Amino acid sequence: DLNNSGDQPVEYEFLWLPRGEINSEPMTSEIFSLGTGMSVRYANVLSEVFGLEPNALGALAIVSSSPDLLAMSRTYNIPGDGSAGTFGQAMPAVAPDDFIQSGERRRILFASEHEDLRFNVGCQNGSGDGTMVVNLELFDSQSTSLEQMMMVLRPWGNDQFNRIFEDYMPVNGYVDVWTVQSGQSFICYGSVLDNVTSDPTTILPQ
């Protein structure tokens, strides 16, 4: 869902960034236009814009002629038993100024791994110039460090670690993320899911 909050028409295009790939030269959509105050919603943006299959995994970048273009997404599932309704995960667009910079450490809360919930962490490289390493440190609720991990992200690359607290369950805790590589930026998110329904909740870094 996109909205032009400015007082001038805005042009934009989508970039498709497949998970685990080198995305230095990403697949790019046509250029679209959106009038002042107007909104547009893509019911299935990967299919409508890029013709991708349902099992495609990755991220979308949006290049806009104005910072006044707002964006929000929702990825959802339809119950397999044919019952009514959906369940899904909302994700706001992240502006370049909000990416985590080199030397900055941020925290992702609400990490849980037990019989009711599981926890994933995904990250996106903020640059197409080179490969970077994101450091992750896992803590329990008593601030005990459980493990340090590294996620390697190729240019404009993204990846996700699933159930990263599985070896320590049952546990509630949090994850710190940072990079020591000069001039690099990235963004991460947490996703806590119900083990019965797989209903997800987005946890943004603070």
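Because the structure is predicted, anything quoted here is derived from the model rather than measured. Heads up: numbering here begins at 1 and tracks the sequence. The basis for the numbers below is simple: all heavy atoms, side chains too, and nothing from hydrogens, waters or symmetry mates.
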| field | Heavy-atom side-chain contact between Val63 and Leu15 under 4.5 Å | value | yes

| message | Measuring only between side-chain heavy atoms, which start at C-beta, is Phe186 closer than 4.5 Å to Thr179? | response | yes

| query | Any ion pair linking Glu113 and Arg163 (charged N to carboxylate O, less than 4.0 Å)? | reply | yes

| field | Which residues share a side chain to side chain contact (heavy atoms under 4.5 Å, CB included) with Pro96, sequence neighbours left out | value | none

| Same apolar cluster: Phe119 and Met149, side chain cutoff 4.5 Å | yes

| Counting N and O atoms only, with roles assigned by atom type, does the side chain of Ser112 sit under 3.5 Å from a partner on the main chain of Asn172, one being a donor and the other an acceptor? | no

| query | Is Arg106 paired with Glu104 through a side-chain N to carboxylate O contact shorter than 4.0 Å? | reply | yes

| task | Would you indicate whether the side-chain heavy atoms of Arg118 and Ser198 approach each other to under 4.5 Å? | result | yes

| request: Would you mind reporting whether Asp176 and Leu136 have side-chain heavy atoms less than 4.5 Å apart? | output: no

| query | Quick one: are Pro155 and Asn23 in side-chain contact, heavy atoms under 4.5 Å? | reply | no

| field | Single-linkage hydrophobic cluster Ile203~Leu146, side-chain heavy atoms < 4.5 angstrom | value | yes

| query | Members other than Leu69 in its cluster, when Ile, Leu, Val, Met, Phe, Trp, Tyr link by side-chain heavy atoms under 4.5 Å? | reply | Leu2, Val10, Tyr12, Phe14, Trp16, Met27, Phe32, Leu34, Met38, Val40, Tyr42, Val45, Leu46, Val49, Phe50, Leu52, Leu60, Ile62

| request: Please write out which residues are connected to Val196 in a hydrophobic cluster, directly or through intermediates, given that two of Ile, Leu, Val, Met, Phe, Trp, Tyr count as joined at side-chain heavy-atom separations below 4.5 angstrom. | output: none

| request: Output yes when Glu137 and Arg105 qualify as a salt bridge under the 4.0 Å nitrogen-oxygen rule, no when they do not. | output: yes

| Looking at side-chain heavy atoms only, is the closest gap between Ser145 and Leu138 below 4.5 Å? | no

| Transitively linked via ILVMFWY side-chain contacts under 4.5 Å: Ile108 with Val171? | yes

| Under a 4.5 Å cut-off applied to non-hydrogen side-chain atoms, are Leu153 and Cys123 in contact? | yes

| said: Quick check on ring-ring contact (aromatic ring centres under 6.0 Å, His included): which of Phe110, Phe165, Phe139 does Tyr174 satisfy it with? | reply: Phe139

| query | Taking it one step at a time, do Asn120 and Ile164 satisfy side-chain contact (heavy atoms from CB on, under 4.5 Å)? | reply | CA-CA 6 Å; Asn120 305 332; Ile164 61 174; over 6 Å; no

| said: Looking at Thr36, is its backbone amide N or carbonyl O close enough to the side chain of Asp7 to form a donor-acceptor pair, meaning the two atoms are under 3.5 Å apart? | reply: no

| field | Note, Asn162 side chain near Gln160 side chain (heavy atom, < 4.5 Å) | value | yes

| Quick one: do Leu117 and Val175 end up in the same hydrophobic cluster if we chain Ile, Leu, Val, Met, Phe, Trp and Tyr together by side-chain heavy atoms under 4.5 Å apart? | yes

| request: Can you measure from CZ (Arg41) to CE (Met72) and round to the nearest 0.5 angstrom? | output: 10.5 Å

| field | Main-chain N/O of Gly37 paired with Ser39 side-chain donor or acceptor, under 3.5 Å | value | no

| said: To the nearest 0.5 Å, what is the distance between SG on Cys188 and CZ on Arg107? | reply: 14.0 Å

| Same cluster or not: are Val133 and Met151 linked, directly or through other Ile, Leu, Val, Met, Phe, Trp or Tyr residues, by side-chain heavy atoms under 4.5 angstrom apart? | no

| Any donor-acceptor N or O pair under 3.5 Å, side chains Ser191, Gln89 | yes

